[in-house]
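In what follows, a single structure is set out as C-alpha cells and then discussed.
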There are 2 protein chains.
Amino acid sequence: MLSDVTRDFILHWGEMGTRWGVNRSVAQIHALLFLAEAPLPADAIVESLGLARSNVSNSLKELQSWQLVQVRHVMGDRREHFVAVTDIAEVFRLIVEGRKQREIDPTLQALRRFASAAEAGREPHVQTRIAEVLAFVGMLDQWYATMTGARGTGPIDYLRMAQEIHRLLHRRP
Amino acid sequence: MLSDVTRDFILHWGEMGTRWGVNRSVAQIHALLFLAEAPLPADAIVESLGLARSNVSNSLKELQSWQLVQVRHVMGDRREHFVAVTDIAEVFRLIVEGRKQREIDPTLQALRRFASAAEAGREPHVQTRIAEVLAFVGMLDQWYATMTGARGTGPIDYLRMAQEIHRLLHRRP
DNA sequence: CCGTAATTTCTGAATTAACAGAAATAGGCA
DNA sequence: TGCCTATTTCTGTTAATTCAGAAATTACGG
C-alpha cells in the first residue's frame, strides 16, 4: 500500500512524463522504483500501480535501456527484482544522455545532410538558417560532452561552478 | 512549392516535435515559418503543408503563446501574416522558457508540497529522495535564471564561456 | 525430462490526441 | 446597415498510442 506522498509523487511524475514524450506507465514505474526502499519484483509493481503485467514488463525493459533501472537478484527468490538509480543528478544525466543519443545525434546527422543540400540549392535564406541551426546544435552537443566528461564532477558540481563563475564575472564593480 | 531541403527539414522538425511532446502540425508550421523568407498568411501555410485551415489557426495561436511567432500586417492586405523568430539562440531560449513556465515551475510547487508532506510522514527514504529532487530542480531553476539573466549575453555566449572555463580548469598541468 | 513459475511477445481493445470540415463570429468597407 | 472576407470555435472522425489479456517462450527445480 502506497502512502499519500508516494502516490501523489508518482502521479505527478507520470503526468510530467507524458508532457515530455514518455509514456505514463514508464514514468510511474520509474517514480515508484525511485522512491522504493528495496528492490521490487514486477508483481509488486503490478499491485502498487494497478497496471497489467505485460505493461510493467515492457516498461521495465524500456527503463533498463535508459540505464535508469537495473535488475537485482535476491537469494532464494527466482524472480527478478528491480532498482532505480537514486542519485538524482545521475538520473538527470542518464535522461539527457538517452535523449541525446536517440534524438540529438540523429538530428545532427540530418542537419548536416540538409546543410549540404541547401548549399547546393538556390535559396540563400534557407542555407543561412540551416547553417545556423547546425552550428547551434553542434555547440550544444559539445557543451554536453564537456559537462559530462568532467572527471569527478557531476552535473550538480558543474551547475554550482557555473553559477559561481557567473557571480564573479557579473558582480557589481 | 517547397524545395526538397525545406520539405525535409520541416518533416524532420515535425518528427522531433512529436518526440518532445509538441504536436506535429505545430512543429511543422514553426519550421516552415522559420525557413520562410517573408511573412506568410495562414492560407499559404495551408497550401504548403496541406493542413486544414482550422488546424493552422490553432497551431499559430499556440506558437504565438510561446512567443515563437508574431503577427505582421502588410499594407493593403487585410490578412494577418506570420513570422517566426529566426535567431536560433533566441528560439532555444523561448522554448526553454516556455517549458520552464509550464512544467518546471508547477513541478517545483508540487515538490515543495510533497517535501512538506514527506517530512510529516513516517518514511525517511521518501523524505530524503524528495528533498534531493527538490534541491536539484531548484538548482536547475536558479541556473536557468542565471543563464538567461546575463546582461547582453545570449545562450551562445554562455555556452562558449562555459566551454572555455572548463578548458582552463581541466587543462593538463 | 517433465512440470511449474517467471517473463516476454503478440494481438486486439480502449483511450487519447490530432485533425478536417462546418458553423459561427468578428472585422472592416461600401 | 448589410455584405464580404478573414479568423476562430465547435464537433465528429481518423489516426496513433497505450495498455490488458492470451499465448508463447524461457529458466529452473525436481
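Sequence lines set the chain letters: A, B, ... in the order given, protein chains first and strands last, and positions in each chain run from 1.
To the nearest angstrom, C1' of dT7(C) lies 13 Å from CD1 of Ile45(A). Rounding to whole angstrom units, CZ of residue Arg79(A) and P of dT8(C) are separated by 14 Å. Atom pair Leu60(B):CG and dC19(C):P shows a separation of 13 Å (rounding to whole Å applied). Spacing between atom CG of Leu49(A) and atom C1' of dT18(D) amounts to 15 Å, rounded to whole angstrom units. Between Glu80(A) atom CD and dA27(D) atom P there is a gap of 10 Å when expressed in whole angstrom units. Between the CZ atom of Arg19(A) and the C1' atom of dA17(C) there is a distance of 14 Å, given to the nearest Å. Taking atom CG on Leu51(A) and atom P on dT18(D), their separation rounds to 13 Å, with Å as the unit. Atom-to-atom, CG of Asp77(B) to P of dG27(C) comes out at 17 Å; the value is rounded to the nearest Å.
Side-chain proximity of Asn58(B) to dC10(D), dC10(C), dT7(C): nearest is dC10(D). In this structure, the nucleotide among dT9(C), dT9(D), dC19(C) sitting nearest to the side chain of Ser25(B) is dC19(C). Residue Ser54(A) places its side chain closer to dT9(C) than to any other of dT8(C), dT9(C), dC10(D). Ranking dA20(C), dT7(C), dT8(D) by closeness to the Ser57(B) side chain, first place goes to dT8(D).
The OG1 atom of Thr107(B) lies 10.5 Å from the CD atom of Glu15(A); values are rounded to the nearest 0.5 Å.
Using a 4.0 Å heavy-atom cutoff across all strands shown, Asp43(B) reaches no nucleic acid atom at all. Nucleic acid contact for Arg78(B): base, since at least one base atom lies under 4.0 Å from a heavy atom of the residue. Here Gly21(B) lies out of heavy-atom contact (under 4.0 Å) with every strand.
Each of Arg24(A) and Phe82(A) lies near DNA chain C, and the nucleotide nearest Phe82(A) is the one positioned closer to the 5' end.
A pairwise comparison of heavy atoms in His12(B) and Pro106(A) identifies CE1-O, 4.4 Å as the closest pair. Nearest approach of Trp20(A) to Arg99(A), heavy atoms of both residues: O-NH1, 2.9 Å.
Between Val5(A) and Phe114(B), some side-chain heavy-atom pair lies under the 4.5 Å cut-off.
Close to dT9(C), at under 4.0 Å from its OP1 or OP2, lies a side-chain N or O of Lys61(A). Taking side-chain N and O atoms only, Asn23(A) has a distance below 4.0 Å to OP1 or OP2 of dC19(D). Residue Arg53(A) has no polar side-chain atom (N or O) positioned under 4.0 Å from OP1 or OP2 of dA20(D).
In terms of hydrophobic clustering, with Ile, Leu, Val, Met, Phe, Trp and Tyr side chains grouped at heavy-atom distances under 4.5 Å, Met16(B) and Ile29(B) are assigned to different clusters.
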